[in-house]
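Order of the sequence lines sets the chain letters (A, B, ...), proteins ahead of strands, with each chain counted from 1. Fair warning: this is a prediction, and the values are worked out from it, not measured in the lab.
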Amino acid sequence: MFQSGVRVHMRLTKAFIPTLKELPADAQVASHKLLVRAGFIRQLSAGIYSVLPLAQRSILTITEIVREEMNRIGAQEFYLPALNPREIWEESGRWSVMGDNMFRLKDRKGADLCLAMTHEEIFTVLARAEVRSYRQLPQTWYQIQTKFRDEPRPKSGLLRVRQFTMKDSYSFDLGKEGLDKSFEDHRQAYVKIFTRCGLKTVQVDAHSGAMGGSGSTEFMVRTDAGEDLIASCEACGYAANTEKARSKIETPDAYAAADGVQLPLEEFATPGVVTIEALQRQPYGVGAKRQLKTLVYMADGKPVIAIVRGDDSLNEAKLQTATGANEVRPAHAEEIPPLMGAKPGSLGGVGLGEKSASGAVRVFLDERLAGLSGMVTGANKDGFHLKNVSITRDLSHAKIVDLRSVVEGEGCPNCGKPLQVGKSLEVGHIFKLGTRYSASMGANILGEDGKETPIVMGSYGIGVERILAAAVELHNDADGIRWPMSIAPYHVAILPLQMQDADVRAAAEKLYAELTAAGVEALLDDRDERAGVKFKDADLIGLPLRIAVGKKGLAEGKVEWKPRTPGSQVELVAIADVLAKVKAAVAEGGGKIR
RNA sequence: CGGGGCGUAGCGCAGCCUGGUAGCGCGCCUGCCUUGGGCGCAGGAGGUCGGAGGUUCGAAUCCUCUCGCCCCGACCA
């Protein structure tokens, strides 16, 4: 990935833009279908794509935007090796941590190498070797480089691949305050980058995962093609992955017997009733909100009980967080009776106090249930349930934590307005690494006090192809892509509609030459094709402006102007006015006249 | 890694069950025609049916192994 250089115009008879009439069979998401159909990309292997000229132009434009905004915050561009020796990854401890996700190979001497997934290691090696004094800090270093990840399941075109371009940057600061500033600088830069690329993003707090460190924020684009579920609030800007999201907990209703009346626990027969649903029906008539849903999980091989309200669903990630386990899974059907004394459908947490105290089984209870009474749960005896359950009295051995999944429409935890829940795609991620790498790899500097201290680091990534694909996901219709002007492969398409007409040809050529000379990126469809073919391809490729040159309009000295935006109509424009109009539209859309 | 699906012409597919030597649409090439939303007609090129082995007189078709791709789940900086 190098500087974009001269941006040439192009005529379609010379261009390599292999558009397809038919859909590629294996494409599922819109961006994949359209990028293949419109001739932007071709698949080489699972999760490995060839970038064709149209896509390359957009990618160069995207990276140019990234460079501008990175440089603006004082970051300096590097270009580091993708091929890394094992040693530095051993130093950071990630040679083993990365497991099968990292591509590994041996050289002719048998030495271990890997293809870098990110570049904390090399940048830290550089800093360790060359940065000695606090006087040299802060530094922010970045590169735009190919990353390799052996994804277990590549999918969705460019959205989940094994080789991709990433802008990764790393900040080096003396202390926490410096890191905070570097982090905020990046946050601001990222907002600008994504906005300029035509993406609306929400920022969510995220787990730091295998990266380590004290905090991280993900930049997410809301789209069904994404893989993460995000809860967000339009009103106040709250946003969180559903693995962490909360909502305003509704106040206990009358059923909760908030007045403190506590009836004695009572067992009742419920033959054949093994679902929340069934217990709601007559003759029982127990509302789901009064039921306790009791689920048995294995956390790193040890049984744990999770209890949520009957109409709530357990969020496994939250349970995992609560247990502190590396892995949680639902218990197998045959693991449950020996533990609980009953089969699923008749389970409950009541009476597990002893087991809980002995550490044989841990019980977790969703916080929304705290303090309630008058609840109904399984009796741990097939065919029986318990009523009048009081959380405080009967489940005091349970640990109260956040376990439930947030649901669309629930109140925002900050402002109370309805939350939206939807799929989202991660396009950027910023991390406060702290001293995770500098400490393990010995990247120390001398402070003002003469003492040696590890450099405080941050790391920040942007997926370049994901920006491209996300833009397509956000901006398309039944006819094709609708590129934002700022990252479109060309600004304008010029379509001579009757190639057999010399006047039409001449007028289109003249316009093309004029726009090109003015620095506009224009694509001339000079193919000897029928008008319909040109319109279809133009819509599919999706350049933001379309100028059709036809006999009819030409007779009046006019051409047809149509932006590729929703709802826009064809407009007749005098040829003399076209250049000014194009320039204005390019500028307005954030494109660049060169 | 578990479950499912699919590999036949550049692309999308049929043929396979019930073995007899490969077909359709799109695209491509040539000519005529047409010319404002993927025109029409005629002629043509293009496939060792993913690979290997086996059964059979004969395999795209049946059997075994293998490679690849897609989807669901698990996993996931």
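Checking side-chain atoms of Glu408(A) against main-chain N and O of Val421(A) turns up a donor-acceptor pair under 3.5 Å. Checked by atom type and distance alone, the side chain of Lys147(A) never pairs as donor or acceptor with a backbone atom of His119(A) at under 3.5 Å. In this structure, the side chain of Glu151(A) does not engage the main chain of Arg153(A) through any donor-acceptor pair within 3.5 Å. Checked by atom type and distance alone, the side chain of Ser568(A) never pairs as donor or acceptor with a backbone atom of Arg564(A) at under 3.5 Å.
Distances shown here put every side-chain N or O of Lys536(A) at or beyond 4.0 Å from the OP1 or OP2 atom of G37(B).
Looking at which nucleotide of RNA chain B each of Ala531(A) and Ser45(A) is closest to, the 5′-most match is held by Ala531(A).
Counting non-hydrogen atoms under 4.0 angstrom, Arg546(A) reaches a base of the nucleic acid. Nucleic acid contact class of Gly550(A) (heavy atoms, under 4.0 Å, all strands): base. Residue-level contact check: Asp539(A) touches the bases, meaning some heavy atom is under 4.0 Å from a base atom. Residue contacts shown for Ser156(A) are limited to sugar-phosphate atoms, with no base heavy atom under 4.0 Å away. At a threshold of 4.0 angstrom between heavy atoms, the contacts of Lys551(A) include nucleobase atoms, whether or not backbone atoms are also involved. Across all strands shown, Pro330(A) has no heavy atoms under 4.0 Å from either base or sugar-phosphate atoms. Across all strands shown, Asp501(A) has no heavy atoms under 4.0 Å from either base or sugar-phosphate atoms. Within the nucleic acid shown, Arg329(A) has no heavy atom closer than 4.0 Å to any nucleic acid atom.
In this structure, CD of Glu426(A) is placed 14 Å from P of C76(B), rounded to the nearest angstrom. Distance CD (Glu227(A)) to C1' (A74(B)): 13 Å, rounded to an integer number of Å. Rounded to a whole Å, the CD atom of Gln500(A) is 13 Å from the P atom of C33(B). Atom C1' of nucleotide G36(B) and atom CD of Gln569(A) are separated by 16 Å, given to the nearest angstrom. Note: CD1 (Ile41(A)) to C1' (C11(B)) measures 15 Å, nearest angstrom. Between the CZ atom of Phe16(A) and the P atom of G10(B) there is a distance of 15 Å, given to the nearest Å. The distance between atom CD of Gln320(A) and atom P of A74(B), rounded to the nearest whole Å, is 12 Å. Rounded to whole Å, atom P of C70(B) lies 13 Å from atom CD of Glu151(A).
Judged by Watson-Crick or G-U wobble contacts below 3.5 Å, the nucleotide U18(B) has no partner. Taking a pair to require two hydrogen-bonding distances under 3.5 Å in either a Watson-Crick or a G-U wobble arrangement, C41(B) pairs with G31(B). Across all strands shown, A59(B) forms no Watson-Crick or G-U wobble pair with both key distances under 3.5 Å. Pairing for G36(B) is absent, with no Watson-Crick or G-U wobble pair whose two atom distances lie under 3.5 Å. Remark: U64(B) base-pairs with A52(B). Criterion, Watson-Crick or G-U wobble with two distances under 3.5 Å. Under the Watson-Crick or G-U wobble criterion, with both distances below 3.5 Å, C75(B) has no partner in any strand shown. Pair assignment for G25(B) gives C11(B), based on Watson-Crick or G-U wobble hydrogen-bonding distances that are each under 3.5 Å.
Contacts between residues 22-38 of chain A and RNA chain B, defined by a heavy-atom separation below 4.0 Å, involve Glu22(A), Leu23(A), Ala25(A), Asp26(A), Gln28(A), Arg37(A), listed by number.
Taking atom P on both nucleotides, G43(B) is separated from G36(B) by 27 Å, rounded to a whole Å. Nucleotides C29(B) and G10(B) have their C1' atoms positioned 14 Å apart, rounded to a whole Å. Distance check on atom P: G54(B) versus G40(B) gives 49 Å, rounded to whole Å. Distance noted for atom C1' between G46(B) and U61(B): 23 Å (whole Å). When the C1' atom is used for both A59(B) and C39(B), the distance is 43 Å, rounded to whole Å. Rounded to whole Å, the separation between the C1' atoms of A52(B) and G73(B) comes to 32 Å. Going from the P atom of U66(B) to that of A60(B) covers 22 Å, rounded to whole Å. Taking the P atoms as reference points, C62(B) lies 9 Å from U18(B), given to the whole Å.
A salt bridge does not link Asp205(A) with Lys244(A): none of the charged nitrogens is closer than 4.0 Å to a carboxylate oxygen. A salt bridge links Arg187(A) with Glu184(A): the distance from a Lys NZ or Arg NE/NH1/NH2 to an Asp or Glu carboxylate oxygen falls below 4.0 Å.
Taking the six-membered ring for Trp and thresholds of 30 and 60 degrees, Tyr190(A) and His186(A) have ring planes more than 60 degrees apart, a perpendicular arrangement.
Side-chain N/O atoms of Glu560(A) and base N/O atoms of G36(B) include a donor-acceptor pair closer than 3.5 Å.
Heavy atoms of other residues, nucleotides or ligands lying less than 6.0 angstrom from CD of Gln500(A) number more than 12. Residue Lys181(A) qualifies as open at atom NZ: its count of foreign heavy atoms under 6.0 Å is 12 or below.
Considering Val125(A), Asp112(A), Ile122(A), Leu115(A) in turn, Ile122(A) is the only one that fulfils the side chain to side chain contact (heavy atoms under 4.5 Å, CB included) rule with Asn84(A).
Taking the side chain of Lys155(A) as heavy atoms from C-beta on, and the options G36(B), G27(B), C72(B), the nearest nucleotide is C72(B). Taking only side-chain atoms of Asn101(A), from C-beta outward, the nucleotide of C39(B), C72(B), C76(B) with the closest atom is C76(B). For Val533(A), the side-chain atoms get nearest to C39(B) when compared with the rest of G73(B), C69(B), C39(B). The side chain of Arg153(A) lies closest to C72(B) when the candidates are G36(B), C72(B), G38(B).
Considering NE2 of His32(A) and CG of Leu35(A), their distance stands at 8.5 Å, rounded to 0.5 Å.
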